[in-house]
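Quick notes on the structure that follows.
Just so you know, these numbers use all the heavy atoms, side chains as well, and skip hydrogens, waters and symmetry mates. Letters go in sequence order (proteins before strands), and every chain restarts at 1.
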2 protein chains.
Amino acid sequence: MLHKHKHNQTCCPVHVTFPEQEPISAEKAAELEDLFKILANDTRLRLLHTLARVEEMCVCDIANAVDMTPQAISNQLQRLSDRGIVATRRSGNQIYYRVVDECVVGLLQKAMCLLDDSEKLAKV
Amino acid sequence: MLHKHKHNQTCCPVHVTFPEQEPISAEKAAELEDLFKILANDTRLRLLHTLARVEEMCVCDIANAVDMTPQAISNQLQRLSDRGIVATRRSGNQIYYRVVDECVVGLLQKAMCLLDDSEKLAKV
DNA sequence: CAACTATTACACAAATCAGTTTAATAGTGT
DNA sequence: ACACTATTAAACTGATTTGTGTAATAGTTG
């Protein structure tokens with residue numbers, strides 16, 4: 001039952017080790033917590049995934065895309081903007097959001113891939 | 001100011017796109033949220049990082065390593081165990097924890113790498 | 001300026017969460 | 001059986017978070 005790794009996965013490494021001997025610093029752990037926290041919300045994840053597939057999109061269009069109110073969307077876009085993950089551009093009445101931190105999207109992509117892997121494993 | 005990507009980073013892809021045209025499903029977003037949530041806590045991150053560097057470790061040793069009470073540690077280890085990220089083995093009085101989900105550790109490693117990248121960028 | 005649209009700001013209520021405290025459980029040694 | 005250690009369970013508190021409702025702001029159009 002412990003033979004979890006079939007070596008036919010697309011994301012998971014066979015074995016991960018941390019080369020450094022030192023434990024992670026409390027400061028770095030806090031930074032990591034912040035990073036994961038911003039991704040630990042299904043609304044923000046859907047916003048990010050939506051924005052990652054287009055050049056830019058205005059709030060009401062995003063709200064329609066995820067079927068939520070513009071207020072709720074604006075709340076979360078603000079948080080993504082505060083972290084520098086997305087940025088805005090005003091054009092008339094609309095405010096257009098776009099992804100500027102590709103790294104975070106890369107992390108999201110990796111996480112989605114991991115989930116797919118475990119689903120595959122679960123089906124065996 | 002928008003030229004963020006210097007192409008000398010170690011983790012961040014230059015540009016990430018999601019090949020699929022469909023938006024992420026609410027169900028998958030919820031799964032992702034759960035995955036990131038478990039990582040969105042500095043205590044759990046320190047536990048994971050500690051465990052990823054050894055074969056296995058008992059609760060009191062982990063508690064010492066991160067300088068917290070065994071009760072607090074046990075709380076979080078339980079949550080990691082519930083998700084199948086770590087597993088336990090009893091030996092006498094001690095209960096030894098070990099990492100069994102290397103994928104999650106891989107995600108942690110990638111996140112740490114991203115943070116290092118942004119620090120490097122910030123210093124420029 | 002007035003009416004309208006798009007977005008954000010703010011206060012709020014419900015839910016979730018982390019660490020503490022206290023108590024219970026499991027195993028060891030005498 | 002008893003004392004002891006290691007770990008977990010359960011209840012509790014304070015803090016954080018999310019979407020909602022309402023109001024405010026910015027821009028457009030007539």
(message) Rounding to an integer number of Å, can you tell me how far Asp67(B) CG sits from dT20(C) P?
(response) 11 Å

(request) Using the heavy-atom set of chain B and a strict 4.0 Å cut-off, write down the first and last nucleotide of DNA chain D that makes it in, 5' to 3'. (result) dT5(D) to dA9(D)

(request) Give a yes or no on whether a salt bridge exists between Asp67(A) and Arg46(A), defined as a side-chain N under 4.0 angstrom from a carboxylate O. (result) no

(request) Give, ordered by number, those residues of residues 87-97 of chain B having at least one heavy-atom distance below 4.0 Å to an atom of DNA chain D; if nothing qualifies, reply none. (result) Asn93(B), Gln94(B), Ile95(B), Tyr97(B)

(request) Determine the contact category for Gln78(B): base if any of its heavy atoms lies under 4.0 Å from a base atom, sugar-phosphate if only primed atoms, P, OP1 or OP2 are that close, otherwise nothing. (result) sugar-phosphate

(request) Whole angstrom is fine here: how far is it from CG in Leu45(B) over to P in dC17(C)? (result) 15 Å

(request) Let me know the distance between CG of Asn64(A) and C1' of dT7(C), rounded to the nearest Å. (result) 14 Å

(request) Would you tell me if any nitrogen or oxygen in the side chain of Thr69(B) comes within less than 4.0 Å of OP1 or OP2 on dT20(C)? (result) yes

(message) Output the rounded distance in Å from CD (Gln76(A)) to C1' (dT8(C)).
(response) 14 Å

(request) Take Asp42(A) and Asp61(B), find for each the nucleotide of DNA chain D with the closest heavy atom, and name the residue whose nucleotide sits nearer the 5' end. (result) Asp61(B)

(message) Taking Ala72(B)'s backbone N and O only, do any of them form a donor-acceptor pair with Thr69(B)'s side chain (distance below 3.5 Å, no angle check)?
(response) yes

(request) Kindly compute the distance separating CG (Asp61(B)) from OG1 (Thr50(B)), expressed to the nearest 0.5 Å. (result) 11.0 Å

(request) Report the distance from atom CZ of Arg83(A) to atom CG of Leu80(A), rounding to the nearest 0.5 Å. (result) 9.5 Å

(request) May I ask you to say whether Asp117(A) pairs ionically with Lys110(A), meaning some side-chain N is under 4.0 Å from a carboxylate O? (result) no

(message) Please determine whether a side-chain nitrogen of the Lys or Arg among Glu55(A) and Arg98(A) lies less than 4.0 Å from a carboxylate oxygen of the Asp or Glu.
(response) no

(message) At 4.0 Å (heavy atoms only), tell me whether Asn41(B) reaches a base, stays on the sugar-phosphate, or touches nothing.
(response) sugar-phosphate

(request) Heavy atoms only: give me the nearest Ala52(B)-Val105(B) pair and the separation to one decimal. (result) CB-CG1, 3.9 Å

(message) The test is side-chain contact (heavy atoms from CB on, under 4.5 Å); show your working for Ile95(B) and Arg89(B) and say whether it passes.
(response) CA-CA 6 Å; Ile95(B) 294 187; Arg89(B) 172 182 76 88; over 6 Å; no

For residues 33-42 of chain A, which side-chain N or O atoms pair as donor and acceptor with protein atoms under 3.5 Å away, sequence neighbours left out?
unit_1: Glu33(A); atom_1: OE1; unit_2: Asp42(B); atom_2: N; d: 2.8
unit_1: Glu33(A); atom_1: OE2; unit_2: Lys37(A); atom_2: NZ; d: 2.8
unit_1: Asn41(A); atom_1: OD1; unit_2: Thr43(A); atom_2: N; d: 3.1
unit_1: Asn41(A); atom_1: OD1; unit_2: Arg44(A); atom_2: N; d: 2.8

(request) Report the residue (Arg44(A) or Gln71(A)) whose heavy-atom-nearest nucleotide on DNA chain D is the more 5′ of the two. (result) Arg44(A)

